[in-house]
Amino acid sequence: MPELPEVETIRRQMENNLVGRKITDVIVRFGKRLEPAQKKFIEAVRGEKFVGFSRRAKLLMLHLSNKLTIAAHLKMTGKFVLKPHGTEPEKHVHVIFVLDNGQDLWFHDVRKFGYLKIISLEKVEELFKGDEFGPEPLDKKFSLDIFESCIKSRKNKKIKPLLMEPKCIAGIGNIYADEALWHALVRPTRRAGSLKKPELAKLYDGIIVSLTESLKHRGASSENYRDLFDTEGESTNFLHAYNQEKCARCKGAIKRIVIGTRSAHYCPKCQK
DNA sequence: TTTCTTGTTTTCAG
DNA sequence: ACTGAAAACAAGAA
């Protein structure tokens, strides 16, 4: 499932490969997750050029020459993939953007949870301004102080679900919540208020380290994530807790539990 | 047929 | 009114 490093990987690849490309045609094969609906969606996009790409939390934004933006959420299984023009579409290719350089950009999503929404630049501004998304963890503005005060204001919550809430820190999902807690030697079931100052500092580092490391390897392909070139992220080979059998630190068995309705992985020996 | 999967939103109890 | 927990939602794979 694409989280921050995976979405950012795709964004960078789009920035390097698709800026200035004209969308000569749009083919919709499944339109239920488009906004506005199919006909208006195609009208808004056809004939425009990609002028840039940005990301906020797990939202990927494709900016068009007509000042509109396609806001894409990949949810569990969504991906954007470049293919030579006319490649026979796979089963779950929902939208094909035909480009002017002999390539097709596929929007592919097995589970159909992901969506594409056309929004105005003002709406994009709103998203950046509002308080529904917390700070970007790789932004310089994400300081230890800000992180601490967020955690302290929600001291009765379990630390792992809190990490995954977008209001506190943007872009963290199941993988990197487990990884950050492993780095910090903290159990996912701990109440946020029970974390001591050094633990909070380690957790803050853990978030940044695990995201930065993963980004270096183009993300983790734990589900069926692929990058823009349909290639697996190599970060899957560098995970320490999530979906792992053995702890990378003490070689003990990783325990899998359920918190709420989500799985959590941790080392019972290392994480206190 | 049932269970499992997830980010985000909605609902509900306290 | 507020908080945290749980359920709901999108839908297909095994």
Side-chain angles (χ1 to χ4, degrees), chain A residues 1-8 10-11 28-38 41 55-61 71-80 89-95 106-117 119 123 126-128 130-137 149-181 188-195 207 211 214 219-226 233 236 239 241-244 256-265:
Chain A
M1 66 232 83
E3 298 177 31
L4 190 152
E6 292 78 27
V7 178
E8 179 62 19
I10 298 171
R11 189 202 69 77
V28 175
R29 305 170 82 237
F30 176 86
K32 228 176 148 183
R33 303 291 288 163
L34 302 182
E35 202 182 297
Q38 181 163 343
F41 184 93
R55 180 190 58 75
R56 178 78 171 108
K58 294 163 192 157
L59 259 190
L60 179 60
M61 283 168 286
H73 203 307
L74 302 175
K75 290 287 178 92
M76 266 182 88
T77 55
K79 52 184 182 176
F80 279 106
E90 289 162 19
K91 187 175 176 188
H92 301 291
V93 174
H94 303 321
V95 182
W106 287 357
F107 176 62
H108 180 285
D109 188 358
V110 173
R111 291 285 187 280
K112 294 182 174 141
F113 291 0
Y115 60 76
L116 305 181
K117 279 184 191 173
I119 57 177
K123 264 274 167 63
E126 259 175 56
L127 273 177
F128 278 80
D131 62 348
E132 49 209 293
F133 289 118
E136 286 289 329
S149 68
C150 162
I151 299 295
K152 278 177 183 158
S153 72
R154 310 242 177 193
K155 59 180 181 211
N156 285 326
K157 288 204 129 188
K158 291 196 175 105
I159 187 65
K160 178 171 173 189
L162 182 53
L163 288 178
M164 289 166 58
E165 274 182 27
K167 272 176 192 165
C168 217
I169 315 136
I172 308 281
N174 215 3
I175 300 176
Y176 300 102
D178 278 350
E179 290 300 305
L181 288 164
T189 46
R190 287 271 295 278
R191 298 283 162 179
S194 77
L195 270 71
I207 291 169
L211 292 174
S214 178
S221 293
S222 80
E223 293 286 310
N224 59 352
Y225 161 79
R226 296 290 184 278
T236 322
L239 295 178
Y242 181 81
N243 250 355
Q244 302 301 299
R256 183 184 180 280
I257 60 169
V258 174
I259 302 175
T261 53
R262 307 303 192 223
S263 64
H265 312 77

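First the proteins, then the strands, lettered A, B, ... as listed; each starts at 1.
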Could you give the [atom1]-to-[atom2] distance, from [X] to [N], as a whole number of Å?
X	N	atom1	atom2	value
L116(A)	dA10(C)	CG	C1'	14 Å
I172(A)	dT8(B)	CD1	C1'	16 Å
F133(A)	dT8(B)	CZ	C1'	9 Å
D178(A)	dT6(B)	CG	C1'	13 Å
M164(A)	dT8(B)	CE	P	9 Å
F113(A)	dT9(B)	CZ	P	15 Å
K91(A)	dA11(C)	NZ	C1'	12 Å
E165(A)	dA5(C)	CD	P	10 Å

Given [options], identify the nucleotide with an atom nearest to the side chain of [X].
X	options	result
N156(A)	dA13(C), dG4(C), dT6(B)	dG4(C)
R191(A)	dG7(B), dG12(C), dA5(C)	dA5(C)
K112(A)	dA10(C), dG12(C), dA5(C)	dG12(C)
K157(A)	dT6(B), dA5(C), dA13(C)	dA5(C)
E3(A)	dG7(B), dT6(B), dA11(C)	dG7(B)
K32(A)	dG4(C), dA11(C), dG7(B)	dA11(C)

Practice task
Hey, which sits more toward the 5' end of DNA chain C by its nearest nucleotide, K75(A) or T261(A)?
Solution key: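 The answer here is T261(A).
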Handout entry: First encountered from the 5' end of DNA chain C, between R262(A) and S153(A)
Key =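 Closest to the 5' end, via its nearest nucleotide, is S153(A).
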Problem - Any donor-acceptor N/O pair, S214(A) side chain to L211(A) backbone, under 3.5 Å - result: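 Answer holds: no.
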Problem - Considering all heavy atoms, the nearest Y115(A)-F107(A) contact - result: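 Shortest heavy-atom contact: N-CZ, 4.3 Å.
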Is the shortest side-chain N/O distance from [X] to OP1 or OP2 of [N] below 4.0 Å?
X	N	answer
H73(A)	dT6(B)	no
Y176(A)	dT6(B)	no
K58(A)	dT8(B)	yes

Problem - Residues R56(A) and E136(A) bridged, charged N to O under 4.0 Å - result: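 Yes, R56(A) and E136(A) are salt-bridged.
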Exercise for the section: Spell out yes or no: do the side chain of R111(A) and the base of dG7(B) have one donor N/O and one acceptor N/O closer than 3.5 Å? Expected result: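 Answer no: no donor N or O sits under 3.5 Å from an acceptor.
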Problem - Nucleotide opposite dG12(C) in a Watson-Crick or G-U pair, distances under 3.5 Å - result: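 WC or wobble partner is dC4(B).
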Problem - Sugar-phosphate only, base, or nothing, as touched by R33(A) at under 4.0 Å among non-hydrogen atoms - result: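 Contact class for R33(A): sugar-phosphate only.
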Exercise for the section: Quick one: sort the H108(A) and H92(A) rings into parallel, tilted or perpendicular, breaks at 30° and 60°. Expected result: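 H108(A) vs H92(A) ring planes: perpendicular.
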Exercise for the section: Any chance you could measure Y176(A), atom OH, to E6(A), atom CD, to the nearest 0.5 Å? Expected result: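 Here the interatomic distance stands at 3.5 Å.
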Practice task
Please name the residue in the list I207(A), I172(A), N174(A), L239(A) that meets the side chain to side chain contact (heavy atoms under 4.5 Å, CB included) test with E179(A).
Solution key: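 Only one of I207(A), I172(A), N174(A), L239(A) forms a side chain to side chain contact (heavy atoms under 4.5 Å, CB included) with E179(A), namely L239(A).
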